[in-house]
Amino acid sequence: MYYFPLQPPYFLLVVGFFAALTSGIALSGTLKVIVQKWPRERSENTKPNSSLKQLFVPFLGITAGICLFMSSGLEIFGFPTLLALGVGLPISLLTCLLVWLQLGSMLNFAQSRGMQSLDLDAEG
């Protein structure tokens with residue numbers, strides 16, 4: 001037996017993609033501003049976690065957009081609504097959590113050792 005939804009959530013798929021895309025652009029701009037402030041604020045009082053607080057809202061928008069996109073996409077491909085949410089939400093949230101932890105780790109590393117330490121091509 002095949003399952004075909006009567007009203008596939010194409011609109012929710014587009015809204016999720018748009019939310020993730022616009023939040024990603026906002027995260028990129030905020031990250032550029034934070035990195036540009038580092039040379040001017042070379043004081044020892046600057047905490048690495050303060051930059052993560054500024055990135056939280058755009059990253060939360062990306063996470064919500066990806067969750068909506070993933071769940072809607074699974075529903076379009078024939079998953080029932082509850083199963084699409086049950087599969088899409090944990091995968092999206094776990095992936096976003098791991099990306100958030102990696103972003104924090106990379107920001108701490110770049111702030112302590114400089115941006116040149118991240119350039120892997122320069123090593124030869």
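All values below come from the heavy atoms of this structure, side chains included, with hydrogens, waters and symmetry mates left out. Computed from a predicted structure; not experimentally measured.
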Under a 4.5 Å side-chain heavy-atom rule over Ile, Leu, Val, Met, Phe, Trp and Tyr, are Val15 and Phe69 clustered together? no
Does the side-chain contact (heavy atoms from CB on, under 4.5 Å) test come out yes or no for Leu74 and Leu83, once each step is laid out? CA-CA 9 Å; Leu74 288 174; Leu83 185 59; over 6 Å; no
Hydrophobic cluster identity match, Leu12 and Leu85, side-chain contacts under 4.5 Å: no
Sequence neighbours left out, cut at 3.5 Å: what donor-acceptor pairs do the side chains of residues 21-33 make with other protein atoms?
unit_1, atom_1, unit_2, atom_2, d
Thr22, OG1, Phe18, O, 2.9
Thr22, OG1, Ala19, O, 3.3
Ser23, OG, Ala19, O, 2.9
Thr30, OG1, Ala26, O, 2.8

Would you say Val57 ends up clustered with Ile62 if hydrophobic residues are merged whenever their side chains have heavy atoms under 4.5 Å apart, either directly or through other cluster members? no
Treating Ile, Leu, Val, Met, Phe, Trp and Tyr as nodes and any side-chain heavy-atom pair under 4.5 angstrom as an edge, say whether Phe79 and Met70 lie in one connected cluster. yes
Are any side-chain N or O atoms of Ser71 and backbone N or O atoms of Leu68, one a donor and one an acceptor, separated by less than 3.5 Å? no
Do Phe56 and Phe59 sit in one hydrophobic cluster, given that two such residues count as connected whenever their side-chain heavy atoms are within less than 4.5 Å of each other, even indirectly? yes
Distance-only criterion, 3.5 Å: show the donor-acceptor pairs between side-chain atoms of residues 87-103 and protein atoms not counting sequence neighbours.
unit_1, atom_1, unit_2, atom_2, d
Ser92, OG, Gly88, O, 2.7
Thr95, OG1, Ile91, O, 2.7

